[in-house]
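Here's the structure we're looking at; comments come further down.
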Amino acid sequence: MSGDDPFGLLQPSQPEPEREARPDREPRSRTPLVLGIIAAVLFVAVVVTLAIALTRPPAATPTPTTPPATSAPVTTTPSPTPTADAATEPVALQLSGTGFALVDEAGDEVFTYAWADDAAAAVTALTDAFGAAPTTRVEPGDGTHYPDYTVYQWDGFMLFDMVETAGGTPRAEYAQPSYVLFSRNEIGGISLAAEHGLKIGMTVDAVRALSPDQEIPRGTVGAIRFVFDQARSSAEGPLQYSVFADTDGTVVTAVLYFRYSDL
């Protein structure tokens, strides 16, 4: 016994067994942490996006616009070159006691001429109608009762126009300032129509059937001149002429509008 343990209560100390060394801990994985951070970021992004979407004022609904009306394309037709109206083109020359007229298909007068009118206008109108210009010559008068006449001659139609002379009767006062004669029924597509239905080529018997006022033998070859409307030449009022149908004894060869006189 030792003096430190007089009663021997103390057991001799035994050395403590050596502790086993703890194995080192395995390093903790960081993957869950990274995933958590990413998830948190995504969550925050989603929350922010929703917040912006919910707080943004609603977009205005686009108002449907009506497209401008489109008019049908206008087709421009080129204007035809102005031409003479067919309705006013003369087709006939009608003669009467007071003068003559060019008429269209409807019978409307395109040009009129009275015996005392200016012959120049008539020459122009007839030239246009017949489609050819006339030849001209002067027919001498007798120096007293019958003046000189300028003759405008187309193929089958003649217009005689008085030539005034110094000191003579003015044309406006003369009894026969102009007159006409025709020897064809048509000239340049213009038909010639005399009163009483007189036509070139009509037989003498057919003319007699029209009851002329006079029948005057001419020359020694059987030629006959028939006179119609004899009294008209001396009637009061507008200047008027009688109608003459000259024949060769068989048929009419010319129709003449002329002042009848017993002289």
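Only this structure's heavy atoms are used, side chains among them; waters, hydrogens and symmetry mates stay out.
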Item to check | Stepwise side chain to side chain contact (heavy atoms under 4.5 Å, CB included) test for Phe100 and Leu126 | outcome: CA-CA 11 Å; Phe100 58 80; Leu126 292 172; 4.1 Å; yes

Checklist entry - Are the side chains of Leu210 and Met202 in touch, meaning some heavy atoms are under 4.5 Å apart? => result yes

Item to check | ring pair (Phe, Tyr, Trp, His ring centres under 6.0 Å) partners for Tyr241, two or more places apart | outcome: Trp115

Item to check | Partners meeting ring pair (Phe, Tyr, Trp, His ring centres under 6.0 Å) with Tyr152 (sequence neighbours left out) | outcome: none

Checklist outcome for this item: Taken to the nearest 0.5 Å, the spacing of Leu256 CG from Met158 CE works out to 8.5 Å

Please enumerate all residues that pass side-chain hydrogen bond (donor to acceptor under 3.5 Å, both in side chains) together with [X], with sequence neighbours excluded.
X: Asp246; result: Arg218, Arg225
X: Arg137; result: none
X: Tyr174; result: none
X: Ser242; result: Ser233

Next on the checklist: Applying side-chain contact (heavy atoms from CB on, under 4.5 Å), can you list everything that pairs with Glu236, at least two apart in sequence or on another chain?
Outcome noted: none

Please output the side-chain donor-acceptor pairs of residues 90-98 that fall under 3.5 Å, not counting sequence neighbours, one pair per line with the distance.
from: Ser96; atom 1: OG; to: Thr98; atom 2: OG1; distance (Å): 3.4
from: Ser96; atom 1: OG; to: Gly99; atom 2: O; distance (Å): 3.4

Closest non-hydrogen atom pair between [X] and [Y], with its separation:
X: Pro140; Y: Val138; result: CD-O, 3.5 Å
X: Asp148; Y: Gly141; result: OD1-N, 2.6 Å
X: Tyr257; Y: Tyr179; result: O-CB, 3.1 Å

Item to check | Tyr260 and Asp262: side chain donor to acceptor below 3.5 Å | outcome: yes

Checklist entry - Are the side chain of Asp229 and the backbone of Val243 linked by a donor-acceptor contact shorter than 3.5 Å? => result no

Next on the checklist: Tell me whether Asp213 contacts the main-chain N or O of Gln230 through its side chain, where contact means a donor paired with an acceptor under 3.5 Å.
Outcome noted: yes

Checklist entry - Which residue pairs pass the salt bridge (Lys or Arg N to Asp or Glu O under 4.0 Å) test with at least one member in residues 192-203, sequence neighbours excluded? => result Glu195-Arg232

Item to check | Those residues that, when tested against Asp155, pass salt bridge (Lys or Arg N to Asp or Glu O under 4.0 Å) (two or more places apart) | outcome: Arg184

Checklist entry - Excluding sequence neighbours, so at least two apart, what forms salt bridge (Lys or Arg N to Asp or Glu O under 4.0 Å) with Glu215? => result Arg208

Item to check | Pairs meeting criterion side-chain hydrogen bond (donor to acceptor under 3.5 Å, both in side chains) with involvement of residues 116-128, two or more places apart | outcome: none

